[in-house]
Amino acid sequence: MLKVVIEEERCKGCALCVDACPAHLIALGSRFNCHGAIPAIIAECDQARCTSCAMCARMCPDAAISIYRELKALQDADSRQ
Amino acid sequence: MVARKVFARPVSLKDVATHFCPGCQHGVVHRLVAETLDHFNAAGRTIGVASVGCSVFLYDYFDINVVEAPHGRAPAVATGVKRVHKNSLVFTYQGDGDLAAIGTSEIIHAANRGEGLTVIFVNNTTYGMTGGQMAPTTLPGQRTTTSSAGRNTASDGHPIRMAELLATLDGTAYSARVAVDSPGHVLEAGKAIRRAFGYQVEGRGFAFVEVLTTCPTNWGMDPVAANRRIAAEVIPFFPLGTFVDRSGDER
């Protein structure tokens, strides 16, 4: 399941999300996007380690990151309250 | 596996790319304002007043009505808009070159009259759009294109702390300074902006939020280094906090 979805054509490669991720799952990629920026990427195998904390998305100046959370995790959190 | 979207672009923010430089935190402040408009479900009755500077393209990025004001005059224009459209949410979005230099008179008198406005003041300690000149908020010793040896307080004066200055006026209902240099600070900034708009919704008077942001291009730093400068150099000079918060109950 994809928890972090980075819109690569919207990304300007500022790396504030790379700096913000507490699990160090995000890195700058190796190819240019259509604006000439090197967008941030997250490897598919690292999506499982993501906790959907959304720190990367909160720091993103271009609102290029969407965060998803497993419904089961959300239900567990609700039932604990 | 079923997933739910827990963080996405607010609907009050148009789905377009901004002209801002990589790492420019105008984008974060734009998003926080748009999240607040979503929260109050108020995009349809909100009128923004844009200033002059990098923040000028408000109308391209927000899905709301926007008036463009002459340099520094956004609080004066917003006064007129709010007095005519009493039920609209009216806010100005101004940089430090606009609000703290050419627009000092307008902001002080709008606050002193207690106009029912929300003012978002984006302080990046320099003139961004015109090429990084020294602003009234430039830190002592900071190099800019017009203070190449660093700001000399003996000849250039000291930086102005606008949030504290406006807090001394009886017309100001809310004045706070926040930063967006860490996820925690971004959350606090969002709360302050929501509070400032909430004061307007409740008719409590003038609300002001100063947001410390970076200008990586004109600071000559990469975005991550510029972001770290906020905690290292800018917050020690411009402390975060709420300087006045007059709730309606006290009156």
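Residue numbers begin at 1 in each chain, while the letters A, B, ... track the order of the sequences.
For a residue to count as touching a neighbouring chain, one of its non-hydrogen atoms must lie under 4.5 Å from one of that chain's; by this rule A:Ile65 touches chain B with the backbone only. B:Val186 touches chain A through its side chain: at least one heavy atom from C-beta onward sits under 4.5 Å away, while N, CA, C and O do not. With a 4.5 Å cut-off on non-hydrogen atoms, B:Leu187 touches chain A through its side chain but not through its backbone. Residue contact with chain A, scored on non-hydrogen atoms closer than 4.5 Å, involves the backbone of B:Val16 exclusively.
Taking both residues in full, the closest heavy atoms of B:Ala163 and B:Ser175 are given as O-OG, 2.7 Å, listed atom of the first, atom of the second, then distance.
Checked against the 6.0 Å centroid criterion, the rings of B:Phe20 and B:Tyr61 qualify as a close aromatic pair.
Applying the side-chain hydrogen bond (donor to acceptor under 3.5 Å, both in side chains) test to residues at least two apart or on different chains, the pairs with a partner in residues 2-20 of chain A are A:Glu8-A:Arg31, A:Arg10-B:Asp15, A:Lys12-A:Asp62, A:Lys12-B:Thr18, A:Asp19-B:Arg228.
In this structure, B:Ser147 contributes its side chain and B:Gln142 its backbone to a donor-acceptor pair below 3.5 Å.
Note: B:Tyr93 and B:His26 have tilted aromatic rings, judged against thresholds of 30 and 60 degrees for the angle between ring planes.
Residue with the most contacts toward chain B among A:Cys56, A:Ala57, A:Ala20: A:Ala57 (heavy-atom pairs, distance under 4.5 Å). Heavy-atom pairs under 4.5 Å with chain B peak, among A:Ala63, A:Cys11, A:Ala54, at A:Ala63. Among B:Gly190, B:Pro216, B:Ala34, B:Ala17, the residue making the largest number of heavy-atom pairs under 4.5 Å with chain A is B:Ala17.
With no hydrogens or angles considered, a side-chain donor-acceptor pair links B:Ser12 and B:Asp38 at under 3.5 Å.
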